*Asks:* 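Let me begin by handing over the structure; questions about it come next.
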Amino acid sequence: MPHTKPMDTPPPGLEVYGPIQVSTSGGSGKWSDLPPAKLYTVSLIMKSGKILLGYKKRGFGKDMYNGFGGKVEPGESVEAAALRELQEEAGISANLVPCGTIIYFLEGYDHTFHIEVFKASDYEGEPIETDEMRPEWFDLPGSIEQNSPIPWDKMWADDRYWYPIMLSGRYFVGRTDCGETAEDGVKKYIMHRWWFGARDA
Ligand SMILES: Nc1[nH]c(=O)nc2c1ncn2[C@H]1C[C@H](O)[C@@H](COP(=O)(O)OP(=O)(O)OP(=O)(O)O)O1
């Protein structure tokens with residue numbers, strides 16, 4: 001489990017409405033100055049004690065597992081984008097509910113990732129492999145442990161911090177600043193600083 005020492009003040013760039021309790025924070029150094037944000041979605045389907053993730057076959061985040069999602073197109077609502085991406089990447093539809101917001105800064109990128117996260121407890125259709133994603137079900141842990149069936153080591157580094165909040169049914173907001181390196185051609189992401197807060201949904 002990550003060791004964290006919560007800091008009370010929400011990071012810059014994060015809009016926090018209402019009573020938010022700090023859930024986890026850590027790292028050190030100054031928060032980076034944020035470039036302009038682009039809107040993205042991530043959708044997670046959780047049914048019968050399992051979570052559906054997609055193995056990304058190409059593009060940004062290749063060879064990692066993630067929820068289904070992508071860029072919000074100009075003129076499109078965030079909800080419509082989330083539904084479109086779920087259909088395009090997994091071939092399914094769902095009654096998506098907003099469950100969190102992530103501000104993600106990755107060194108060297110010209111924009112900040114503003115990611116709206118959605119969840120659903122049911123879906124319509126059959127998950128299919130697409131050009132972009134290969135869907136796979138993972139058992140949901142009763143608690144977030146190191147031997148969790150969720151493949152943390154092949155996921156974005158921040159996921160292990162906000163999944164526990166999301167799985168507890170609370171709404172979360174957070175920010176992560178990361179750097180990217182490559183070892184033997186394999187990209188690695190190092191978290192410089194992070195902060196996640198939660199409120200009852
Ligand atoms: N730190 C992070 N943690 C996380 O859980 N998901 C992240 C993340 N940073 C980015 N993502 C997600 C957001 C979005 O679902 C995906 C990136 O979107 P993509 O680049 O795949 O967009 P598109 O599917 O629109 O791309 P193209 O089809 O290649 O234009 O990765």
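Predicted, not measured: the structure shown is a model, and the values here were computed from it. Counting starts at 1 for both ligands and their atoms, in listed order.
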*Asks:* Between Phe113 and His111, how do the two ring planes meet: parallel, tilted or perpendicular, split at 30° and 60°?
*Replies:* tilted
*Asks:* Measure the shortest side-chain to side-chain distance between Leu52 and Pro127 over non-hydrogen atoms and say whether it is less than 4.5 angstrom.
*Replies:* yes
*Asks:* When you measure from the side chain of Glu89 to the backbone N and O of Gly69, does any donor-acceptor pair fall under 3.5 Å?
*Replies:* yes
*Asks:* Heavy atoms under 4.0 Å from ligand 1: which residues qualify?
*Replies:* Tyr40, Thr41, Val42, Lys56, Phe60, Asn66, Gly69, Gly70, Lys71, Glu85, Glu89, Tyr104, Ile115, Glu132, Trp156, Asp158, Asp159, Trp162
*Asks:* Looking at Phe138 versus Tyr65, is the centre-to-centre ring distance below 6.0 Å?
*Replies:* yes
*Asks:* Could you label the plane-to-plane angle of the Tyr189 and Trp156 rings as parallel, tilted or perpendicular, counting under 30° as parallel and over 60° as perpendicular?
*Replies:* tilted
*Asks:* Please check if the distance between the ring centroids of Phe196 and Tyr163 is under 6.0 Å.
*Replies:* no
